[in-house]
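As structure tokens, the structure follows; a few thoughts come after it.
These numbers were taken from a predicted model, which means no experiment stands behind them.
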Amino acid sequence: MNVSKRIYLDHAATTYTSKEVLNEMLPFFTEYFGNPSSVHQYGREVKKSIDLARDRVAKAIGALPEEIYFTAGGSEADNLAIKGVAYANKSKGNHIITTKIEHPAVIHTCEQLEKEGFEVTYLNVDQYGMVSLEDVKSSIKANTILISVMYANNEIGTIQPITEIAQIAKEKGIYFHTDAVQAIGSVRINVKEQNIDMLSMAAHKFYGPKGVGALYVRKGVKLISIIHGGSQERKRRAGTENVPGIVGMGKAIELAYQNFDEHNSRVKGLRDKLIKGVMENIPYTRLNGHPEKRLVNNSNFCFEYIEGESLLLNLDMKGIAGSSGSACSSGSLEPSHVLLAIGLSHEIAHGSLRLSLGEVNTEEDIDFVLQVLPEIVDRLRQMSPLYEKVKGGK
Amino acid sequence: MYSDKVMDHFSCPRNVGEIENADGVGEVGNAHCGDIMKIYLKIEEDVITDVKFKTFGCGAAIATSSIATDMIKGKTVEEALKITNKAVVEALDGLPAQKIHCSVLAEEAVKAAIEDYQKKKAQ
Ligand SMILES: Cc1ncc(COP(=O)(O)O)c(C=O)c1O
Ligand SMILES: [Zn+2]
């Protein structure tokens, strides 16, 4: 294999940690290693840095610092929001509303709660992956305690009408949580103006480190801890803090919103070029997700008559890293639940490809993808028994 | 995750294509589960003289199609019927556990194609 250049187009899976972020983190491994709960200087100096990170996260989303709770990533933030509210408000009701296209961190948490006696409504989405406000309204019951709808989908990039859904929840006195793991850095968010009660984040999606995230919890929301132990994070999340991670997350989110316009307009330009090139040059292809209301860095296609994993392997041989919702690439027997929820057949869902862009990508990267992708798709189609029938009719 | 042998057969699959007026054709799997294999056999006096395949599927499905067709080429029908999924996987220097189900297809496709041949012959 002769790969001269590698092209990373899987930023929705994770990003690298930027140099600036890393430099901010490094002293906290060796020099400033104290336990922030300690009374002595070692502890106090570290505590200050956590406070700064908390301020930065709060500022980025329009929250108060005391409303930010650091966690070990997006999954834990989702678990804390959903289980924390469900357990704390059991006496008020046991019904939760969410969607069919949530990340497994939300869906599997809700499924677990169903086993424990909670009742969950999973809202359908339309062909673009959009939740309908009417559906949200009509699924609310007297015992509904929580609505959780993701800000933007990790596979197809569709951005939900979060402000409108939050408004509905507010009018009914129901808590509203949003998984904004993919949205941070790509969408401007103000939790106060948008009436969001809880919001999940993960640093590794915006050039911060892995294994650290945060949950914003509006002051006054009744929520109980799911990790019990010491009194860190105002007793809502026990455990000695991941100090370098938290410091890194603070820096990363600050940078994400400092460079917001420049970064996003550049990425969007490249992404639009990619979508246009793919749709124009490869027949029997569909764009998944909403044509406009989608994350600026997301593209997701289905190439009919071929299977996603073999497409990924072929791209990888050319040095291009993407991802797929096919069953065989996920190690399960089912293709992506998101692609099925937008109405795709199993057959078509198996042929999906997500290319998610980031800071490092260039015009040349996109040109290269547009050069090799049509050849690869065609080669796989020539091998596909499903394509024979189509060719015959052409 | 895949062995070099798998990647070799995946990137340069042997025997891809169709055979016109094949003596036996077998198609197994379905698009629902994500892998479909179609195999064409040319058989002269119960010996498989040519074999081609088309596969819709993952890396494991394509690699097993490729190596299984190689393994039965030149064999008698009787010998080809003895091909097992296990032998195919071994010939590929193994497959990840969650991919074994994709490799079953090759064995089934060979058997389906030979069945088709025998049915045609009996007519
Ligand atoms: C929408 C969404 N929610 C939650 C998560 C989970 O985050 P983490 O892997 O940091 O736990 C992810 C990451 O893949 C995500 O994309
Ligand atoms: Zn497979």
Side-chain angles (χ1 to χ4, degrees), chain A residues 1-3 284 302-319 321-337 339-340 344-353 372 375-392, chain B residues 1-20 22 25-40 52-66 69 92 95-106 108-109 112-113:
Chain A
M1 209 187 326
N2 191 357
V3 177
Y284 308 111
C302 276
F303 302 103
E304 286 184 56
Y305 318 115
I306 63 173
E307 192 276 337
E309 191 207 74
S310 46
L311 181 58
L312 290 186
L313 291 169
N314 273 293
L315 286 168
D316 190 44
M317 289 191 275
K318 298 279 186 189
S323 80
S324 171
S326 85
C328 276
S329 68
S330 67
S332 78
L333 287 171
E334 281 286 304
S336 143
H337 66 289
L339 299 179
L340 296 179
L344 300 188
S345 67
H346 277 68
E347 179 180 325
I348 291 178
H350 284 304
S352 81
L353 174 69
V372 303
E375 293 167 14
I376 292 172
V377 170
D378 188 57
R379 197 172 77 85
L380 289 169
R381 281 181 176 161
Q382 296 306 330
M383 282 177 68
S384 167
L386 298 171
Y387 194 54
E388 277 173 24
K389 293 147 198 166
V390 189
K391 258 190 335 184
Chain B
M1 104 186 160
Y2 287 132
S3 69
D4 291 346
K5 197 81 174 272
V6 172
M7 286 313 291
D8 173 39
H9 277 268
F10 171 74
S11 49
C12 314
R14 291 35 154 192
N15 313 311
V16 175
E18 294 163 48
I19 297 174
E20 262 183 63
V25 180
E27 182 171 330
V28 297
N30 61 63
H32 193 90
C33 71
D35 292 314
I36 302 175
M37 182 180 178
K38 190 168 180 183
I39 194 165
Y40 302 79
K52 296 272 187 227
F53 80 89
K54 287 213 167 172
T55 292
F56 164 90
C58 65
I62 290 175
T64 49
S65 303
S66 167
T69 50
L92 284 171
L95 276 175
Q98 79 272 19
K99 289 291 183 178
I100 297 295
H101 77 96
C102 311
S103 68
V104 181
L105 229 50
E108 289 175 351

- Message: For Leu313(A), which atoms come within 4.5 Å of any heavy atom of chain B: side chain, backbone, both, or neither?
- Response: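 Interface part for Leu313(A): both.
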
- Select one option (side chain, backbone, both, neither) describing which atoms of Arg379(A) are under 4.5 Å from chain B's heavy atoms. side chain

Show the nearest heavy-atom pair for residues [X] and [Y], with the distance to one decimal.
| X | Y | value |
| --- | --- | --- |
| Phe56(B) | Pro385(A) | N-CD, 3.3 Å |
| Cys58(B) | Glu309(A) | CB-OE1, 3.3 Å |
| Ser310(A) | Gly57(B) | OG-O, 2.9 Å |

- Message: Shorter than 4.5 Å, heavy atoms on both sides: which option in Leu311(A), Ile348(A), Ile306(A) has the most such pairs with chain B?
- Response: Ile306(A)

- Can you check whether Met383(A) reaches Pro13(B) side chain to side chain, under 4.5 Å on heavy atoms? yes

- Message: Quick one, Ser11(B) and Met317(A) - any side-chain contact, counting heavy atoms below 4.5 Å?
- Response: yes

- Item | Contacting moiety of Ala97(B), where chain A heavy atoms sit under 4.5 Å | neither

- Query: Is it the backbone or the side chain of Ile62(B) that comes under 4.5 Å from a heavy atom of chain A, or both, or neither?
  - Reply: side chain

- Give, for atom CD of Glu388(A) and atom NZ of Lys38(B), the distance between the pair rounded to the nearest 0.5 Å.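 Answer rounded to 0.5 Å: 4.0 Å.
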
